[in-house]
Amino acid sequence: MPDHDEWLWGWDPTPGIVSVWAEPSGHATVWRRVGGELRVEHARFRPWAVVDRIDDVRRPGLGVRELAGDGELRWLVDADDARRLAHVRDRPTTLILPPDEQYLVRSGRTYFRGLGFDDLRRMQLDLETTGLDPGRDRILMIAVRRPDGSATTIEGDEADLVRRLVAEVRAEDPDVIENHNLHGFDLPFLVQRARALGVALALGRTDEPGLRQRGARRGVTSGDGEPRIRYVAPGRELIDTLDAVVRHDFATRDLPEHGLKAVARHLGLAGADREVIAGDRIAHVYATDPERVRRYARADVEEVAGLARMLGGPAFALAQMAPRRYERLADAGPATGVIDPLLVRAYLRAGTALPLHRPGTGEPHAGAALHLFASGVAHRIVKADVASLYPSLMRTYRIGPARDRLGALLALVERLLDLRLEAKAKGRAAPAGSAERHRHEAMSAAMKLVINSAYGYLAAGALTRFSDVEAANEVTRRGREVLHLMCRELAARGVTLLEADTDGVYFAVPETWTEADERRVVDDVAALLPSGVRLELDGRYAAMLSHEPKNYALRAYDGTLVLRGVAFRSSRAEPYGVAFLRAAIDRLLVGDVPGVRTAYLASIAALRRRDLTAHDVATLVRLSRTPAAYAEQRAERRELAYEALLAESRGWEVGERVRVYRTTGGGAALARDGARDYDVDHYVRLLRTQFAARLARAFTADDFAVVFADPDQLALFTVPLETIRPILRREEG
DNA sequence: TCATACCGGGG
DNA sequence: GTGTACGGTATGA
């Protein structure tokens, strides 16, 4: 019986590894932090590869071992130097990892054994520049936060500034260098400026004068068609907090945007007196008030340090499991980046042959179920959903990759589901804010990441070694089955189904029901589901406006309004319309139809009296054409934003965002403070066609016409508003 | 109108 | 040897 914990954690107990660097020569350097002190160790390893045939492979100096089982990749070859493996490297079927991963996989070592996140020596750095283009702009200042928490800024002549940064990094000797968008901005900018200035950028722990590169999907490119890369500093881990933010937001989906300032504010990391300077004003402010820029830059590195600690735990925890460098696990996709390396290590540890990567079978992959049962307004809403539906189904029905003869993926999922519950419980038991709690929560989040991507791994086609579309289809089929069963059994117990999506369902309960009744019906249905599939009551709301699939508004029992979907939240939507929509839905969901009408009339009146500003009616447009490109298309199709810019004879840059509105007489203008010369009729029309229309499902056609009748036209046959009731209508399918 | 391509960030 | 956990927006047919 293979040891599943070895599959999960590796087996070599060596503690304190904070960085690994390996060369094709078979030489590995391992940096370990033991009792706070850094130790550098040198090790030899035999570079290896796994191949599917050895007829032309056997030659002197090459070790060959046959692996067990029926996988095609059954010959493990190794040598004292990777150059001896050159002849197998170019075969498309060969499994050959980067040297550092070869070392970690075969040694069974991983990063950070016995270390906590706070044991790392972490340093943050942030560039302030005159602009975004290193070909044209230059560095004004570099803010640095040292491992001891002190922050400083480096200024002066640019070449000198880069030299002093390098000296600072080498003197402080951090294990980790962090910043927000480090790989997307600071490092590429620094590399290009250092090259232009002829300064050596020796940021690593080896004596190399510059940085190395690795391919990375979310990296930078040096030009059209050039591959995307990220930089590597041997001996240190280059960590981008933007990666951690993106990963965090995938799980929570609660961040309004991913910029440092916004995230820091959202997570409560920003100080009340946080200095703020718009990016394009930095150079100007630096010339007039450099102290302000210093405060700003120091705040940046402080926030990055806080953010890295708050959101960097999962990557730290993953590095204790998977045989890859910490910085690779920080930006890796979970299927190819975490699970595949775990499986490869498990197979080699078990001495078992691996299957070949298979191109996509062409078998279409059927996805999740989505139903809209009813649209309009409903009250006493309950949301019930299944936690971790897909991995639960994989475990319950033993759905794993057909070619995974060891059953390693299912074994990992199973073990992680249990260990995660333990980690969650330990986290809850630890004091709030303690390092112990941080450790357990980070571990739990890392495990959740792996668990939830096990299904994505199956469906990943040619990208993952054990992918299996049939198995993935079986998971979604079971998922649809569970959702269907849930809906049927809920409906049979007297609730009104509204919308169901993948693993959750919204429904309305009868007027007489108490909260206990709601919980009971969820528990009753939960008991009918397959064991291992846990249905839970996820939320309760006073009312819901169901508009279209994935587009709805909820009113919580405390009166808070939640709007979901493009129909209700769009960055381009004119602010006056959004404000109307919120006010109208707020009234609608308490059954106050006259209030809806009042909100509508108030918006029209505000437009007509020009109480609103141009800013209120303007739409936000991102410019995607150059002035030349627009000039070419202008004869065929005119666009408001560019017309406004031309009318003001102002140039623009692609990517710029502007607020534009239609002026009296049909012209276009950029919104600016105080302007009110907007086309009232146009915006009154828009209010009805674009915004009021989103309440159409809530009324019969006749009632809708009454509620949103033109205030100037006296209807002849009209019903009193007080008698109109919002409706709920059944949808087909 | 509908599909699909692209973006998210940094000064 | 980069990578199929999304959701909004911009674009083309």
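Throughout, a chain's letter reflects where its sequence line sits, starting with A, and its residues are numbered from 1.
- Among the atoms of the strands shown, none is found under 4.0 Å from any heavy atom of A:Leu140.
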Worksheet item: Would A:Arg91 and A:Asp52 count as a salt bridge (Lys or Arg N to Asp or Glu O under 4.0 Å) if you check the C-alpha gap in whole Å, the side-chain angles of each, and the deciding distance to 0.1 Å?
Response: CA-CA 10 Å; A:Arg91 287 191 199 163; A:Asp52 58 348; 3.7 Å; yes

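- In the set B:dG10, C:dC6, B:dG11, the nucleotide with an atom closest to the side chain of A:Phe250 is C:dC6.
- When distances are taken from the side chain of A:Arg324 to each of C:dT2, B:dG9, B:dG10, the shortest belongs to C:dT2.
- At the heavy-atom level, A:Lys261 lies under 4.0 Å from the strands shown only through sugar-phosphate atoms.
- A:Leu127 comes within contact range of the sugar-phosphate backbone alone, with a heavy-atom separation under 4.0 Å but no base atom that close.
- Remark: the separation of the P atoms in C:dT2 and B:dC6 is 22 Å, to the nearest Å.
- Residue-level contact check: A:Asp243 touches neither bases nor backbone, having no heavy atom under 4.0 Å from any strand.
- Separating the CD1 atom of A:Ile229 from the P atom of C:dT2 is a distance of 12 Å, rounded to the nearest angstrom.
- Within the structure, every side-chain polar atom (N or O) of A:Lys550 is placed at least 4.0 Å from both OP1 and OP2 of C:dG8.
- Heavy atoms of A:Gly131 sit under 4.0 angstrom from at least one base atom.
- Atom-to-atom, CZ of A:Arg247 to C1' of B:dG8 comes out at 17 Å; the value is rounded to the nearest Å.
- Atom CZ in A:Arg218 sits roughly 14 Å away from atom P in B:dC7 (whole-Å rounding).
- By the side-chain contact (heavy atoms from CB on, under 4.5 Å) test, A:Leu97 is found to be paired with A:Trp48, A:Leu95, A:Glu101, A:Gln102, A:Val105, residues two or more places apart in sequence or in another chain being considered.
- No more than 12 heavy atoms of other residues, nucleotides or ligands sit less than 6.0 Å from atom CZ of A:Arg89.
- Base contact: A:Leu463 has a heavy atom under 4.0 Å from a base atom.
- Atom pair A:Leu620:CG and C:dA10:C1' shows a separation of 13 Å (rounding to whole Å applied).
- If you find the closest nucleotide of DNA chain C to A:Thr93 and to A:Gly565, the one lying nearer the 5' end belongs to A:Thr93.
- Of the candidates C:dC6, C:dT2, B:dG10, the closest approach to any side-chain atom of A:Arg328 belongs to C:dT2.
- In this structure, A:Glu303 atom CD and B:dG10 atom P are separated by 11 Å, rounded to whole Å.
- Within the 4.5 Å cutoff, no side-chain heavy atoms of A:Phe45 are placed close to those of A:Arg106.
- Counting non-hydrogen atoms under 4.0 angstrom, A:Gly279 reaches a base of the nucleic acid.
- Counting to the nearest Å, the C1' atom of B:dG10 and the CG atom of A:Leu242 are 9 Å from each other.
- Considering only side-chain atoms of A:His258, the nucleotide from B:dG11, B:dG9, C:dT4 that sits closest is B:dG9.
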Discussion item. Working note: A:Thr130 + A:Arg138, criterion side chain to side chain donor-acceptor pair (under 3.5 Å); need CA distance, chi angles, decisive distance, verdict.
Written reply: CA-CA 6 Å; A:Thr130 58; A:Arg138 65 191 170 81; 5.2 Å; no

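- Distance from the side chain of A:Asp280 is smallest to B:dG11 among C:dC6, B:dG11, B:dG9.
- Per the geometry, CD belonging to A:Glu178 stands 16 Å off P belonging to B:dG10, to the nearest Å.
- Each of C:dT2, B:dG11, B:dG10 was ranked by its minimum atom distance to the side chain of A:Pro98; first place goes to C:dT2.
- Distance CG (A:Leu132) to P (B:dG8): 12 Å, rounded to an integer number of Å.
- Nucleic acid contact class of A:Arg89 (heavy atoms, under 4.0 Å, all strands): sugar-phosphate only.
- If you check every strand for non-hydrogen atoms under 4.0 Å, A:Thr129 touches sugar and phosphate atoms only.
- Here the rule is salt bridge (charged side-chain N to carboxylate O under 4.0 Å, His left out) with A:Arg298, and of A:Glu291, A:Glu303, A:Glu275 only A:Glu291 fits it.
- A distance of about 13 Å separates the P atoms of B:dG9 and C:dT9, rounded to the whole Å.
- Checking A:Tyr286 against A:Glu155 by side-chain atom types alone, a donor-acceptor pair falls below 3.5 Å.
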